[in-house]
Amino acid sequence: MKNIHPLLFVICALIALASCQKKNAPLFRGDYCFKTSGSVTLDEIVTNGEEGDSFTVSLPNEIGQLEISVLDNEKDSVVVVMNTMGGEVVVTHAFCQDNKIFLRDFTKNTLLFTGDSISLKNEVRVSASGQMYEDNTLIINMIYDGEAETNERNFKIHGDNIRMAAIRN
């Protein structure tokens, strides 16, 4: 009879450890404050073979709230809601793996200022992925691609050094 108790203890301990294992998605769940910054390149699109102008412009810093909600613990899928202060709300899905998050491509509006004091408000396609640090800081790297038109000139937009820093509330 004494041999049953240690075996029962080992089984209970294994069950407790298995139930405490953390899936990837809950690591990211929560509300965050964020700030986004970076720059993009505007390359003029020309059709007659001439060389067009090229500008590197800074993005205006965006601040806002970010919410990550778990959709399915088994598949580590989440929904990401970005609410930019004074701006738009963007919703996209993502999946989590270990301490990394991979967002599904999404579109967003952005405002660009060139050296000619030209303001361009346009829609860009965004690819993004990030990593969690110390269970409360999320750094998301983004790539912007799109096109814009101003003063009868067309530009291709590309930026691959755009970063969002988000701190869990």
Side-chain angles (χ1 to χ4, degrees), residues 24-25 27-47 49-71 76-169:
N24 299 318
L27 171 65
F28 292 92
R29 180 178 50 214
D31 296 320
Y32 301 78
C33 294
F34 74 83
K35 179 181 178 185
T36 303
S37 60
S39 62
V40 296
T41 302
L42 300 174
D43 292 318
E44 186 174 14
I45 300 170
V46 291
T47 55
E50 295 177 16
E51 195 166 314
D53 291 330
S54 182
F55 304 96
T56 298
V57 296
S58 294
L59 296 170
N61 292 332
E62 291 181 330
I63 59 173
Q65 295 292 315
L66 177 74
E67 178 186 346
I68 300 177
S69 302
V70 176
L71 289 175
D76 289 323
S77 59
V78 297
V79 64
V80 178
V81 179
M82 290 174 264
N83 187 359
T84 304
M85 185 181 286
E88 66 183 331
V89 176
V90 174
V91 179
T92 190
H93 290 89
F95 74 92
C96 307
Q97 182 178 359
D98 299 323
N99 66 339
K100 295 185 176 22
I101 186 168
F102 302 91
L103 285 72
R104 184 179 297 162
D105 288 359
F106 58 93
T107 58
K108 73 180 298 296
N109 290 309
T110 189
L111 186 62
L112 305 172
F113 300 99
T114 68
D116 298 334
S117 299
I118 300 169
S119 297
L120 301 174
K121 184 174 183 178
N122 56 293
E123 191 173 87
V124 292
R125 187 94 176 135
V126 181
S127 302
S129 64
Q131 185 168 347
M132 181 67 74
Y133 296 93
E134 298 180 12
D135 290 341
N136 71 340
T137 304
L138 179 59
I139 304 295
I140 298 177
N141 296 305
M142 300 183 192
I143 299 172
Y144 284 15
D145 282 303
E147 291 186 7
E149 181 181 341
T150 184
N151 298 339
E152 299 180 19
R153 295 168 67 188
N154 294 318
F155 293 92
K156 183 170 182 63
I157 300 167
H158 179 75
D160 57 9
N161 66 343
I162 299 147
R163 181 166 287 163
M164 174 189 286
I167 305 291
R168 193 184 319 261
N169 295 338

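To the nearest 0.5 Å, atom CZ of residue Phe102 and atom CD1 of residue Ile140 are 11.5 Å apart. Note: Phe28 CZ to Asp76 CG = 9.5 Å, rounded to the nearest 0.5 Å. Between Asp31 atom CG and Ile167 atom CD1 the span is 14.0 Å, to the nearest 0.5 Å. Atom CD of Gln65 sits about 12.0 Å away from atom OH of Tyr32, to the nearest 0.5 Å. The CD1 atom of Ile68 lies 9.0 Å from the CE atom of Met82; values are rounded to the nearest 0.5 Å.
Smallest separation of non-hydrogen atoms from Tyr144 and Val124: CD2-CG2, 3.8 Å. Residues Ser39 and Asn161 share a closest heavy-atom pair of O-OD1, 2.9 Å. Contact record, Val78 with Val70: CG1-CA, 4.0 Å, taken as the closest heavy-atom pair. Residues Asn99 and Leu27 come closest through the heavy atom pair CA-CD2, 3.8 Å. Taking each heavy atom of Asn109 and Glu88 in turn, the nearest pair found is N-OE2, 2.6 Å. The two residues Phe155 and Ile45 have their closest heavy-atom pair at C-CD1, 3.9 Å.
Ile63 has its side chain out of reach of Asn61: every pair of non-hydrogen atoms, C-beta onward, lies at least 4.5 Å apart. Residues Lys108 and Met142 fail the side-chain proximity criterion, which asks for heavy atoms closer than 4.5 Å. You'll find the side chain of Ile139 stays beyond 4.5 Å of the side chain of Gln131, heavy atoms only. Side chains of Val126 and Thr110 form no contact here, defined as non-hydrogen atoms less than 4.5 Å apart.
Applying side chain to side chain donor-acceptor pair (under 3.5 Å) to Asp145 and the options His158, Arg125, Lys156 leaves one that passes, His158.
A donor-acceptor distance shorter than 3.5 angstrom exists from the side chain of Thr92 to the backbone of Arg104, with no hydrogens or angles considered. At least one donor-acceptor pair under 3.5 Å links the side chain of Arg168 to the backbone N or O of Arg29.
Counting heavy-atom neighbours within 6.0 Å of Arg163 CZ, excluding the residue itself, gives a total of 12 or less.
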